[in-house]
Amino acid sequence: PQDRCAFLVRLGALSILLLPPVTFSQMTAIPADPHLASPGAETKTQQQWLAELNTDRQSVKRQPDSAAAWLKLGKALHALGENDAASQAIDQALAQQPNAAEALILKGSILADQPQWTRATDLFRRAVAASPNSAAAHLWLGDMLLRSGDFENAADEFADASRLDSRNS
């Protein structure tokens, strides 16, 4: 245990252990991956999400085979706290595109909040494999590895996330 703490202190990661767990909506408020962040997502009101939800439901009816439409619906449902319905919508997106990193990350984040960390970790590993340049995928995988006590691999994932995050350029 002391070696693990020394290792984390050397990396400057001890502060991560002192922070409360972060939900997907909190992580997307500070976009770690420009491909995942919706412009203005952090400033949308509940009314705006509800309006988007209605539009997204219509899109899914018009295009039931569109992974993008299902994912957009899942995002809106998740933003409104409807995680069961969001999970079902994301499952539809993944049925169309099994390696869609954004859908894998969103589904994994919902599972992480439940907490179903083993299943979430598997989805984050798939997201990293599908999109190795996604800082968000590495960040989420690092978080799950940290929670499970795999400190060295967590540190590697956090380093990858930091390296890939455009704000660190």
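Ala69 pairs by the side-chain contact (heavy atoms from CB on, under 4.5 Å) definition with Ser59, Val60, Gln63, Ser66, not counting sequence neighbours. Scored by the salt bridge (Lys or Arg N to Asp or Glu O under 4.0 Å) test, Asp122 finds no partners at all (sequence neighbours excluded). Applying the side-chain contact (heavy atoms from CB on, under 4.5 Å) rule to Asn83 yields the partners His78, Ile110; only residues at least two apart in sequence or on another chain are considered. Residues forming a side-chain contact (heavy atoms from CB on, under 4.5 Å) with Gln88 (at least two apart in sequence, or on another chain): none. Ala89 meets the side-chain contact (heavy atoms from CB on, under 4.5 Å) test with Trp70, Leu73, Leu77; sequence neighbours excluded. Annotation: side chain to side chain donor-acceptor pair (under 3.5 Å) contacts of Gln116 (sequence neighbours excluded): Gln114, Arg119.
Using a 4.5 Å heavy-atom cutoff, the side chains of Leu104 and Gln97 are not in contact.
Contact between Ala100 and Leu94 at its shortest, heavy atoms only, is O-CD2, 4.1 Å. Listed here is the closest heavy atom pair of Gln96 and Asp65: OE1-O, 3.2 Å. Scanning all heavy atoms of the two residues, the minimum distance from Ile105 to Trp140 falls at CG2-CD1, 3.7 Å. Residues Leu146 and Phe151 approach most closely at CD1-CD2, 3.6 Å, considering heavy atoms. In plain terms, the two heavy atoms of Met144 and Ala112 that are nearest each other are CE-CB, 3.7 Å. Nearest heavy atom pair, residue Gly74 against residue Leu106, reads C-CD2, 4.1 Å.
Screening residues 45-63 for salt bridge (Lys or Arg N to Asp or Glu O under 4.0 Å) gives Lys44-Glu52, Asp56-Lys72 as the qualifying pairs, with residues at least two apart or on separate chains. For the ring pair (Phe, Tyr, Trp, His ring centres under 6.0 Å) condition, no pair includes a residue of residues 81-113, sequence neighbours left out. For residues 91-119, no residue pair satisfies the ring pair (Phe, Tyr, Trp, His ring centres under 6.0 Å) rule, not counting sequence neighbours. Residue pairs meeting the salt bridge (Lys or Arg N to Asp or Glu O under 4.0 Å) criterion with at least one member in residues 89-100, sequence neighbours excluded, are Asp91-Lys107. Residues in residues 79-106 take part in no ring pair (Phe, Tyr, Trp, His ring centres under 6.0 Å) pair, two or more places apart or across chains.
Asn54 CG: more than 12 foreign heavy atoms inside a 6.0 Å radius.
Looking only at distances, no side-chain donor or acceptor of Ser131 sits under 3.5 Å from a matching main-chain atom of Val128. Distance alone, capped at 3.5 Å, is enough to place a donor-acceptor pair between the His138 side chain and the Pro132 backbone.
Between atom CG of residue Leu141 and atom CZ of residue Phe158 there is a gap of 9.0 Å, rounded to the nearest 0.5 Å. A distance of 9.0 Å separates CD in Glu102 from OG in Ser134, rounded to the nearest 0.5 Å. Note: Thr118 OG1 to Leu123 CG = 11.0 Å, rounded to the nearest 0.5 Å.
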> side chain to side chain contact (heavy atoms under 4.5 Å, CB included) between Glu152 and Asp156: does it pass, once the steps are laid out?
Replying inline: CA-CA 6 Å; Glu152 289 186 43; Asp156 290 343; 5.5 Å; no
